[in-house]
Amino acid sequence: QVQLVESGGGLVQAGGSLRLSCAASGPIFTRYAMGWFRQAPGKEREFVAARTWSGGSTRYADSVKGRFTISRDNAKNTVYLQMNSLKPEDTAVYYCAAAAWAVVTTSPDYWGQGTQVTVSS
């Protein structure tokens, strides 16, 4: 059974940083890419960042390039999202996701439960 469990969300002032974690379990580590999505109130869920488990490829939404970094620790089966220079518009529920690289940015197979990130101005 595949499980994705996010942690690390919280309240931070604009310009601050947070690091989200996603602990993965089940038979996906060596076969699936991992990604992060977010959903703000009243908006659709949107892609944020993705990375292959090998680390050879990464992809970011234009809105977070240069500010967010996705990384992974294969020994811990965990993927991270380091978020710097946070803006109020980054406020959202952030979700971890897993899928084949070809579809991880559009239609992941697995989702976590989400973690709230709130950026105050």
Side-chain angles (χ1 to χ4, degrees):
Q1 182 178 356
V2 174
Q3 282 192 317
L4 303 175
V5 180
E6 303 97 332
S7 61
L11 174 65
V12 63
Q13 289 188 332
S17 298
L18 278 177
R19 189 178 78 159
L20 305 182
S21 300
C22 173
S25 62
I28 66 172
F29 305 130
T30 60
R31 294 186 286 132
Y32 279 74
M34 300 296 293
W36 289 94
F37 287 70
R38 67 186 181 186
Q39 187 168 19
K43 295 187 177 181
E44 294 186 352
R45 191 174 299 188
E46 64 176 1
F47 167 74
V48 175
R51 185 183 183 110
T52 57
W53 273 106
S54 69
S57 296
T58 57
R59 190 172 297 169
Y60 294 92
D62 288 341
S63 58
V64 306
K65 281 181 181 177
R67 300 188 299 121
F68 290 11
T69 303
I70 186 170
S71 62
R72 86 280 184 256
D73 184 335
N74 287 345
K76 296 182 178 180
N77 297 329
T78 300
V79 63
Y80 303 98
L81 185 68
Q82 178 66 43
M83 306 185 294
N84 298 328
S85 302
L86 283 162
K87 306 174 182 180
E89 51 263 44
D90 294 318
T91 295
V93 177
Y94 283 72
Y95 297 89
C96 179
W101 178 245
V103 298
V104 70
T105 64
T106 56
S107 53
D109 299 308
Y110 303 102
W111 294 93
Q113 82 287 352
T115 186
Q116 176 70 47
V117 172
T118 303
V119 184
S120 63
S121 57

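The main-chain N or O of Lys76 is found under 3.5 Å from a side-chain atom of Asp73 such that the two form a donor-acceptor pair. Ser54 contributes no side-chain N or O that, together with a main-chain N or O of Thr52, makes up a donor-acceptor pair within less than 3.5 Å. Under the 3.5 Å distance criterion, the side-chain polar atoms of Tyr95 are left unmatched by any main-chain donor or acceptor of Gly35. With hydrogens and angles disregarded, a donor-acceptor distance shorter than 3.5 Å links the side chain of Glu6 to the backbone of Gln113.
Screening Thr91, Leu18, Thr118 for a side-chain contact (heavy atoms from CB on, under 4.5 Å) with Leu11, the sole residue that qualifies is Thr118.
For Phe47 and Phe37, the ring centers are positioned less than 6.0 Å apart. For Trp36 and Phe68, the distance between ring centers is not under 6.0 angstrom.
Hydrophobic clustering keeps Val48 apart from Val93 (ILVMFWY residues linked when any side-chain heavy atoms are closer than 4.5 Å, directly or through intermediates). Linking ILVMFWY side-chain heavy atoms closer than 4.5 Å, directly or via other members, places Val2 and Val104 in two distinct hydrophobic clusters. With hydrophobic clusters built from ILVMFWY side chains whose heavy atoms lie under 4.5 angstrom apart, Leu4 shares a cluster with Val117.
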Worked check of side chain to side chain donor-acceptor pair (under 3.5 Å) between Asn84 and Ser17: CA-CA 4 Å; Asn84 298 328; Ser17 298; 2.9 Å; yes

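By the salt bridge (Lys or Arg N to Asp or Glu O under 4.0 Å) test, Lys87 pairs with no residue at all, sequence neighbours left out. Take Arg51 and apply the salt bridge (Lys or Arg N to Asp or Glu O under 4.0 Å) test, not counting sequence neighbours, and it matches no residue.
Here Tyr60 contributes atom OH and Leu81 contributes atom CG; the two are 7.5 Å apart, rounded to the nearest 0.5 Å. To the nearest 0.5 Å, atoms CZ (Arg67) and CG (Asp90) are separated by 4.0 Å.
Across every non-hydrogen atom of Ala14 and Ser121, the tightest pair is CB-CA, 4.3 Å. Listed here is the closest heavy atom pair of Thr78 and Ala23: OG1-CA, 4.1 Å. Ala99 and Val103 get closest at one heavy-atom pair: CB-CG2, 3.9 Å. The two residues Arg38 and Ser63 have their closest heavy-atom pair at NH2-OG, 3.4 Å.
In this structure, Arg72 and Met34 have side chains that are not in contact, with every pair of non-hydrogen atoms separated by 4.5 Å or more. At least one side-chain heavy atom of Ser57 sits less than 4.5 Å from a side-chain heavy atom of Trp101. Val12 places none of its side-chain heavy atoms less than 4.5 Å from the side chain of Ser120. Between Gln39 and Tyr94 the shortest side-chain heavy-atom distance does not fall below 4.5 Å.
Cation-pi geometry between Arg19 and Tyr80 is met: under 6.0 angstrom from the ring centre, within 45 degrees of the axis.
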